[in-house]
Amino acid sequence: MAAPKRGRSSSAQSKPGRSLALILIAIVALTGGMFLSGHTTPRLGIDLAGGTSITLEAKADQGSAINSANMNTAVEIMNRRVNGLGVSEAEVQTQGKNNIIVNIPKGTNSKEARDQVGTTAKLYFRPVLAQEATGAAAQPSPSASSSGSSSASPSPSTSESATTGEKATSSSSPSASASTQGRAASDALKADPTPSGSASASPSAPASPSASASAPTAAEAKLQAAYTALDCSKQAQRNKAGDGVKPEASTVGCGEIGGVWYKYLLGPAAVAGTEVDEAKAVYDTQTAAGWQVTMDFNKSGAKKFADITGQLAQNTQPQNEFGIVLDGQVVSSPTVSQSITGGQAQISGSFTQEEAQSLANMLSYGALPLSFQEQSVTTVTAALGTDQLHAGLLAGAIGLALVILYLVFYYRGLSMVAIASLLVSGILTYVLMALLGPAIGFALNLPAVCGAIVAIGITADSFIVYFERIRDEIREGRSLRPAVERAWPRARRTILVSDFVSFLAAAVLFIVTVGKVQGFAFTLGLTTVLDVVVVFFFTKPLMTLLARRPFFASGNKWSGLDPKSLGAKAPLRRTRRPAPVETKEA
């Protein structure tokens, strides 16, 4: 009967060429993908490539509390807004209880991102009660009407799925008289913009003593004074127009049409922007209307929008318009001729592509639960980032050189295996970082470089564990080939436990931290996983092949595996039991 095989390696261990071929094919494939994608270098974070860092302070708005839930919601919305601009490397994170830090790398539209990231984007659809031009365009004309309403003619194109009709600036004829403006505002406030209001109460009718017979309330008088004094050509007044007004209250607002600023008297909000499901910027090629913003309302919003457009269609100019008010500014005031049903609408008004996409972006990604005030803006120059990158790479090169010198001094020829393994690990790390940039938005920052440097020591530890296990087997008197195979199971367990602890620490850091510390954790976790791959598919198979070479197998003193220098015992030999001696009978 044949004796059972002992000490033989498995099929995978006896064919190390397959493992080496597999990892080399993986390297070639990943490198080829890197060059084909055109991203041959890792994306750099703001601290290395330069960029803009914005600090925003939260302010309680209309009763919203500054708590972790609202702050986290704001961070998510800001992230979506910035990502909507294609700035995938941007970092948005909380700092303390009421601050949010936004880091925008160089090479992106930082100004547009600054304009959008902290914008509250509270959108309301309000009926227009009165409107007129301000500033230089509001000079009195001989034909000025005492009604106080603009005689600008709207665009005639109106349909169920589209709301159009920005006013032409050349045909406006507002009154410059404060008393006339006050009477118009008073008449407009007395007019009910809801269906119950009669058409005879339209503010476009000339002011008469009977129309203002009843004295205005204190709130109406205050609003009249605000509308009369409002000059939208001045930025300071535009910024304060409608500030702090609740949605259910009437207010004033400003809007720019063709370079001319108009002031508006607006009724209570009829539809909120939160009832807009989706908004897109589209180019109308059929009617040559240019860029438009299409909106889809949810169920409740569609009903409200149909009701308000049906009500406004019964009124006369300008009360047949609704103002689309975004953060207190009237971005458009379309004219309505009939009820718009179906839950879909279009905003048109000579938008540029950038303006249409910006508005659609803010509407799609929702309103911030809090208001934010810009506290500081810090610009990091590319020169400073380059210096930091060079310093990090220099530190990594010094650390790698010291590790290699130690390996060569202590392990001699065996150090070539460790150096080759470090080279393979470095190539895989670089290629994956370059590919992960466009894939998941990974940006290499300074802490991530530190994580890669720390990983050099972790990777070298795995090689040292395996080498020392092999040398222990040689000290026991075994030759190199069986020592390589017998040392692997014990070294493998130690390597896996060590790498698991490192990966667990990296995972915990990545989950519980934010910002740049996550870059360190991500790089540490990535290199730890690559360490396991390299040791299993490159280092171990390479050692199996080298054990068959005379230079290592014979225990050359320069191989690092000399039995004499290691203090090896006498070779282990199998002894046979002496055969029993047959005794002969006398």
Side-chain angles (χ1 to χ4, degrees), residues 23 26-53 79 82-83 85-93 102-110 113 380-401 421-459 502-503 506-507 509-510 513-534:
I23 194 169
I27 292 175
V28 172
L30 290 174
T31 305
M34 179 184 69
F35 282 101
L36 289 176
S37 66
H39 300 89
T40 57
T41 57
R43 287 184 174 183
L44 300 180
I46 185 174
D47 54 352
L48 297 180
T52 304
S53 180
N79 258 321
V82 178
N83 290 336
L85 301 173
V87 191
S88 57
E89 308 94 333
E91 297 177 354
V92 183
Q93 63 195 41
V102 182
N103 294 325
I104 305 171
K106 185 182 178 182
T108 60
N109 193 337
S110 59
V380 180
T381 63
L384 179 60
T386 302
D387 292 341
Q388 292 177 341
L389 178 60
H390 288 169
L393 294 177
L394 179 61
I398 293 174
L400 181 61
S421 300
L422 284 172
L423 181 62
V424 171
S425 180
I427 293 174
L428 286 174
T429 302
Y430 181 87
V431 173
L432 286 177
M433 284 183 177
L435 291 175
L436 290 176
I440 64 173
F442 171 75
L444 185 66
N445 52 25
L446 195 58
V449 174
C450 295
I453 295 173
V454 171
I456 296 175
I458 296 176
T459 305
S502 298
F503 184 81
L509 275 177
F510 187 83
T513 59
V514 293
K516 297 180 180 180
V517 180
Q518 285 185 330
F520 173 84
F522 182 85
T523 307
L524 183 60
L526 176 65
T527 50
T528 301
V529 173
L530 290 178
D531 175 42
V532 176
V533 173
V534 171

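The structure presented is a predicted model; accordingly, all values stated were derived computationally and were not measured. Heavy-atom basis, side chains included; hydrogens, waters and symmetry copies ignored.
Counting all heavy atoms, side chain and backbone alike, L509 lies closest to A521 at CB-CB, 3.6 Å. A pairwise comparison of heavy atoms in I27 and T31 identifies O-OG1, 2.7 Å as the closest pair. Minimum heavy-atom separation, I458 to S502: CD1-OG, 4.0 Å. Between G525 and A506, the closest heavy-atom pair is N-CB, 3.6 Å. Of all non-hydrogen atoms in H39 and M34, the two that sit nearest each other are O-CG, 3.1 Å.
Taking CG of L526 as the start and CG of D531 as the end, the distance is 11.5 Å to the nearest 0.5 Å. The structure places CG of L530 at 8.5 Å from OG1 of T528, a figure rounded to the nearest 0.5 Å.
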Please tabulate, for the side chains in residues 421-444, all donor-acceptor contacts under 3.5 angstrom to protein atoms that are two or more places apart in sequence or on a different chain.
from	atom 1	to	atom 2	distance (Å)
S421	OG	V417	O	2.9
S421	OG	T539	OG1	2.8
T429	OG1	S425	O	2.8
Y430	OH	T40	O	2.8

Original post:
How far apart are the C-alpha atoms of V454 and F520, what are their side-chain angles, what is the distance that settles it, and do they pass the side-chain contact (heavy atoms from CB on, under 4.5 Å) test?
Top reply: CA-CA 10 Å; V454 171; F520 173 84; 4.3 Å; yes
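Remark: A452 pairs with T523 by the side-chain contact (heavy atoms from CB on, under 4.5 Å) rule, at least two apart or across chains.
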